[in-house]
**Q** 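Dropping the structure in here first, questions after.
Whatever order the structure lists ligands and atoms in, that order sets their numbers, starting from 1. In this text, all values refer to a predicted model and were calculated from it rather than measured experimentally.
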Amino acid sequence: MDRIVISGGSALEGSIPISGAKNSALKLMAAALLSDQRLTLRKMPNLADSRFMAQLLASLGVEIEWPVGADIAHLHAGTVSSTIAPYDLVRKMRATFNVLGPLLARMGHATVSLPGGCAIGARPVDLHLKAFEAMGADIVIEGGYVKAAALRGLRGAHIVFPFVSVGATEHALLAATLARGETILENAAREPEIADLAACLAQMGARIDGAGSGTITIQGVDSLSGADYSVLPDRIEAGTYAIACAAAGGDVLLQGARFEDLAALAERLEAAGAQMTAQAGGVRVRRSGPLRAVDVDTQPFPGFPTDLQAQFMALMCQARGVSHFRENIFENRFMHAPELMRLGAEIQLRGNEASVTGVDHLIGAPVMATDLRASVSLVIAGLAAQGETVVHRVYHLDRGFEQLEQKLSRCGAQVQRLRGSEPT
Ligand code: EPZ
């Protein structure tokens, strides 16, 4: 297993190109199943997760041209040869569950393994399934699989989500494009990835209003065409490097990042003593003065994203004062805290709340990555710490951060990957 070694203490200066958004790309890839024509996706992130989705789609009969390292992928679901997504492919990455809706909408039936829980929480899919039932699907859960059928096709429905779910909104949106009649999604998620998915589907001929707001209306069409679409820039990757710059100090341009997707983070960073500004070509981040403690309460967009909570906690470890965190989206998303404490952080956990008392300095140590965003928080802490930090189990990082060491190194950070086996 690879590990990442960081020698802390260097400020970050320069620019970092932001990749296409992982959490958008995965759903856009699933959209390829809705049409028998070719979907070209540009700015595709080369990540373990997106490659994994490609593997599942290929097993369903989708022809995929996506050379290693390329950021353009062509996906062509001319014929769908299988409507079964097996456990072995779905358990490794939850977003693969999102093939259920497109298969059901186009083929009238699908059998997809339940994704199961993951490190950050139980993450049920009941909202997804209720949406499909409202659209006329018969759903049975048997042997760990969701067996869904709508042999005469899905029909439009009025769906009111009891709480905001990004995945359920996207999944219902995908399926509704080919349902008969009108679908209204209320209390829909407003994350930028939803608007991105809707924009691509619209290019494929879908009729969608209101994506990005709390109410989305879809008029179903008989078929969708192909499209040539660019994935939006990854706001979580951009936010992560913004926090890294705030933690290490310096001045960095996040090339291609969209300020409007990062407003909640910008506001918290400003309060903490770092500046984030929209600029031609991206977003600039600077920090030279001391860091102040600020509180974080994770919320659906446009609130502070849960996917940046771990990174912001790493930042607060060296801020003056006490900061309070409340994680409202996932029930087990503080696994980075014990690892940050190995570097000398002072953190107290109580259920979904954490208090961080800033210390003068962190000191490098060996630490273990536990999930994607937790692992990058350890890299951020390592950049700001004195001495050497070694992050183990970096396969978590490779799920969502493309060329992390290269992007940080070109801004002056001392970060390198050691390949191969780890000492036990
Ligand atoms: C997406 O997960 C992202 N994943 C997550 O990013 C992100 O943290 C999350 O949205 C919130 O922004 C992808 O897009 C692939 P939800 P998703 O449905 O769709 C509960 C990362 O690090 N819920 O909005 O699964 C659920 O358990 C990942 O990149 C139900 O109870 O999130 C959670 O507590 C991690 N029933 C809450 O809702 C359901 O049917 C919000 O989850 C669906 C969700």
**Q** Tell me, which residues have any heavy atom less than 4.0 Å from some atom of ligand 1?
**A**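 Contacting ligand 1 under 4.0 Å are K22, N23, K27, A95, I120, R123, P124, V125, D126, L127, H128, F163, S165, V166, G167, T306, D307, I329, F330, R333, L372, R373.
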**Q** Using the test side-chain contact (heavy atoms from CB on, under 4.5 Å), find all partners of L418 that sit at least two apart in sequence or belong to another chain.
**A**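 L418 satisfies side-chain contact (heavy atoms from CB on, under 4.5 Å) with R3, V5, Q416 once adjacent residues are dropped.
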**Q** So, using side-chain contact (heavy atoms from CB on, under 4.5 Å) as the criterion, who are the partners of R350 when residues are at least two apart?
**A**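 Once residues adjacent in sequence are excluded, the partners of R350 under the side-chain contact (heavy atoms from CB on, under 4.5 Å) criterion are Q348, E353, S355.
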**Q** May I have the step-by-step check of side-chain contact (heavy atoms from CB on, under 4.5 Å) for H158 and E186, ending in yes or no?
**A** CA-CA 8 Å; H158 188 166; E186 277 194 58; 2.5 Å; yes
**Q** Is it the case that R94 places NZ or CZ above or below the six-membered ring of F97, under 6.0 angstrom from the centre and within 45 degrees of the axis?
**A**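 Because its charged atom misses either the 6.0 Å distance or the 45° angle limit, R94 does not stack over F97.
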**Q** Checking F304 now: which residues fulfil ring pair (Phe, Tyr, Trp, His ring centres under 6.0 Å) with it, not counting sequence neighbours?
**A**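 Scan of F304 (ring pair (Phe, Tyr, Trp, His ring centres under 6.0 Å), adjacent residues dropped) gives F312.
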**Q** For the backbone of L33 and the side chain of R106, can you confirm whether one donor and one acceptor N or O come within less than 3.5 Å of each other?
**A**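 Answer holds: yes.
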